Amino acid sequence: MKKLLSLTIALLLVVTLVAGCSSQNSQQQPQDQQNQQQTEQPQQGALQDGTYYAEDKEFDDHGWKGLVTVIVKDGKITNVFYDEINQEGKLKSFDPEYGSRMKENSGTTPLDVYPKLEQALVEKQKPEDVEAVSGATSSSDRFKSLVAEALKGSPVEAKDGLKDGLYKASEADFDDHGWKAMAAVIVKDGKIQSVFFDEVNKEDGHYKSTDQEYAKNMEAKSGSTPTKAVEALSKSLVEKQNPEQVDSVTGATGTTTKFKDLMTKALSLAK
């Protein structure tokens, strides 16, 4: 009788242990599957690759509005181009007079501010994490707002091989004469609409287009000036829509070469 009772108790213990393990395994399996599914799911909020563009709908009280192009590759922001344009079609970073006034008032210029904002966005990857640049609070706020607006939209579709937006390029170093060239191009409806080019002096940051002495010497030697050369090159690019087909300017070989190289680089990002 005692043997039978002991055997019955042992059997009940075995049944209880088996049931408990089965229940634990059945609970563990869905949890493991859920963890695996979460691991396989793409990261929330990842950016779609492409080119994003936004601009202010209206000019501000001073006659300017912001433009921004953001390029995303492999889910990361890789390139950013920002500037502000006025009703006359001038870009702030290519406006020597504005740069000079801003320097006097705040100690900085668009050429100082915009690259800092662009680089900060590439590093932080979120516009809200970009810190305002000292002396340019308004531009910093406008930059962050426009980037956020651009990224809320859909990537720009190419028309005639080009995507609408603002694109820039500049030389990495100053040349042997102390100049560094910079270029910008605005594409609308798949066409090159506006072109900007100038060179900045290493010593004091003045623009070649404002250097009267340089222009006087160049005209005496070649019959042209930096301003005349850039106007001719820009007009040719808008007409030809291809930097390789831009007509060279007599007496401005160096400017022509820099112009075509930088425009080719800038437009390569619009394709």
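Keep in mind that this is a model prediction, so the values were computed, not measured.
Between the side chains of D112 and T109, at least one donor N or O sits under 3.5 Å from an acceptor N or O. Side-chain contact check for D60 and H62: no donor-acceptor pair (N or O, by modelled atom type) lies under 3.5 Å. Side-chain contact check for Y53 and E55: at least one donor-acceptor pair (N or O, by modelled atom type) lies under 3.5 Å.
Comment: K208 does not engage D198 in a salt bridge, judged by the lack of any side-chain N to carboxylate O separation of less than 4.0 angstrom. Ion pairing of D175 with K202 is absent here, as no side-chain N (NZ or NE/NH1/NH2) approaches a carboxylate O to less than 4.0 Å. Using a 4.0 Å cut-off between charged nitrogen and carboxylate oxygen, E219 and K228 count as a salt-bridge pair. Classification of K57 and E149 as a salt-bridged pair holds, one side-chain N sitting under 4.0 Å from a carboxylate O.
Checked against salt bridge (Lys or Arg N to Asp or Glu O under 4.0 Å), K92 has the following partners two or more places apart in sequence or in another chain: E84. Scored by the side chain to side chain donor-acceptor pair (under 3.5 Å) test, S236 finds no partners at all (sequence neighbours excluded).
Cluster membership check: Y52 shares its hydrophobic cluster with L117, using side-chain heavy-atom separations under 4.5 Å among Ile, Leu, Val, Met, Phe, Trp and Tyr. Both I192 and I71 belong to a single network of hydrophobic side chains, linked directly or stepwise wherever heavy atoms of I, L, V, M, F, W or Y lie under 4.5 Å apart. A single hydrophobic cluster is seen to contain both L267 and V238, as judged by linkage of ILVMFWY side chains at heavy-atom distances under 4.5 Å, directly or through other members. With hydrophobic clusters built from ILVMFWY side chains whose heavy atoms lie under 4.5 angstrom apart, V156 does not share a cluster with V147. F259 and L269 end up in the same hydrophobic cluster when Ile, Leu, Val, Met, Phe, Trp and Tyr side chains are linked at under 4.5 Å.
When atom types are taken as modelled, the side chain of N201 and the backbone of E203 share a donor-acceptor pair closer than 3.5 angstrom. One N or O on the side chain of S140 and one on the backbone of V133 form a donor-acceptor pair closer than 3.5 Å. Checking side-chain atoms of S145 against main-chain N and O of D141 turns up no donor-acceptor pair under 3.5 Å. With hydrogens and angles disregarded, no donor-acceptor distance shorter than 3.5 Å links the side chain of S170 to the backbone of M182. Put simply, the side chain of S268 gets close to the backbone of K265: a donor and an acceptor are under 3.5 Å apart. Here the side chain of D49 pairs a donor or acceptor atom with the backbone of G75 at under 3.5 angstrom. Between the side chain of D83 and the backbone N or O of G66 there is no donor-acceptor pair closer than 3.5 Å. Put simply, the side chain of K191 never gets that close to the backbone of Q241: no donor and acceptor are under 3.5 Å apart.
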(request) Mind running side-chain contact (heavy atoms from CB on, under 4.5 Å) on I186 and I85 for me, showing each step along the way? (result) CA-CA 11 Å; I186 296 177; I85 194 168; 3.9 Å; yes
(message) Using the rule given for salt bridge (Lys or Arg N to Asp or Glu O under 4.0 Å), can you reason through D189 versus K159, listing the C-alpha separation, both sets of side-chain angles and the distance that settles it, and then say yes or no?
(response) CA-CA 6 Å; D189 298 323; K159 299 177 183 178; 3.8 Å; yes
(message) Please determine whether side-chain contact (heavy atoms from CB on, under 4.5 Å) holds for the pair K240 and D247, giving the CA-CA distance in whole Å, both sets of side-chain angles, and the decisive distance to 0.1 Å.
(response) CA-CA 9 Å; K240 303 293 179 63; D247 298 324; 3.1 Å; yes
(request) Walk me through it: do Y167 and N79 pass the test side-chain contact (heavy atoms from CB on, under 4.5 Å)? (result) CA-CA 10 Å; Y167 302 92; N79 300 87; over 6 Å; no
(message) Working note: T227 + E231, criterion side-chain contact (heavy atoms from CB on, under 4.5 Å); need CA distance, chi angles, decisive distance, verdict.
(response) CA-CA 6 Å; T227 299; E231 288 177 352; 3.7 Å; yes
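Side-chain contact between Y82 and V70 is absent, with no heavy-atom pair separated by less than 4.5 Å. A 4.5 Å side-chain heavy-atom check between T69 and D164 finds every atom pair outside the cut-off. For the pair T255/E199, a side-chain contact is recorded, criterion being any heavy-atom separation below 4.5 Å from C-beta on. Side-chain atoms of E171 and K258, non-hydrogen and from C-beta on, do get closer than 4.5 Å to each other. The shortest side-chain heavy-atom distance between V200 and H206 does not fall under the 4.5 Å cut-off. In this structure, the side chains of Y114 and V68 stay at 4.5 Å or more apart for every pair of heavy atoms. At a threshold of 4.5 Å between non-hydrogen side-chain atoms, the residues D56 and R142 count as touching. Side-chain contact between V195 and L233: absent, with no pair of heavy atoms (C-beta onward) separated by less than 4.5 Å.
Figure legend: K168 and F81 shown without cation-pi pairing, the cationic atom not lying both under 6.0 angstrom from the six-membered ring centre and within 45 degrees of its axis.
Heavy-atom minimum distance, A232 versus V249: CB-CG2, 3.9 Å. Closest approach of A54 to L146, counting heavy atoms only: CB-O, 3.7 Å. Across A266 and V185, no two heavy atoms sit closer than the pair CB-CG1, 4.2 Å. Closest heavy-atom contact between T264 and P243: OG1-CB, 3.3 Å. In terms of heavy atoms, T78 sits closest to V122 at O-CG2, 4.0 Å. Considering every non-hydrogen atom in both G135 and T108, the closest pair reads O-CG2, 4.0 Å.
F196 and F94 have tilted rings, their planes meeting at an angle from 30° to 60° on a 0 to 90° scale.
Taking the centre of each ring, Y207 and W179 stay at or above the 6.0 Å mark.
Note that OG1 of T225 and CD of Q212 are 11.5 Å apart. Values are rounded to the nearest 0.5 Å. To the nearest 0.5 angstrom, E239 atom CD is 11.0 Å from S234 atom OG. To the nearest 0.5 Å, the span separating CE on M102 from OH on Y98 amounts to 5.5 Å. The CG atom of L91 lies 6.5 Å from the CG atom of L166; values are rounded to the nearest 0.5 Å. Taking CG from L47 and CG from L151, the interatomic distance works out to 5.5 Å, rounded to the nearest 0.5 Å. Between Q193 atom CD and L162 atom CG the span is 12.5 Å, to the nearest 0.5 Å.
Within 6.0 Å of NZ in K73 there are 12 or fewer heavy atoms belonging to other residues, nucleotides or ligands. Taking a 6.0 Å sphere around NZ of K65, one finds it holds more than 12 heavy atoms contributed by other residues, nucleotides or ligands. Within 6.0 Å of the CD atom in Q125, the count of heavy atoms belonging to other residues, nucleotides or ligands exceeds 12.
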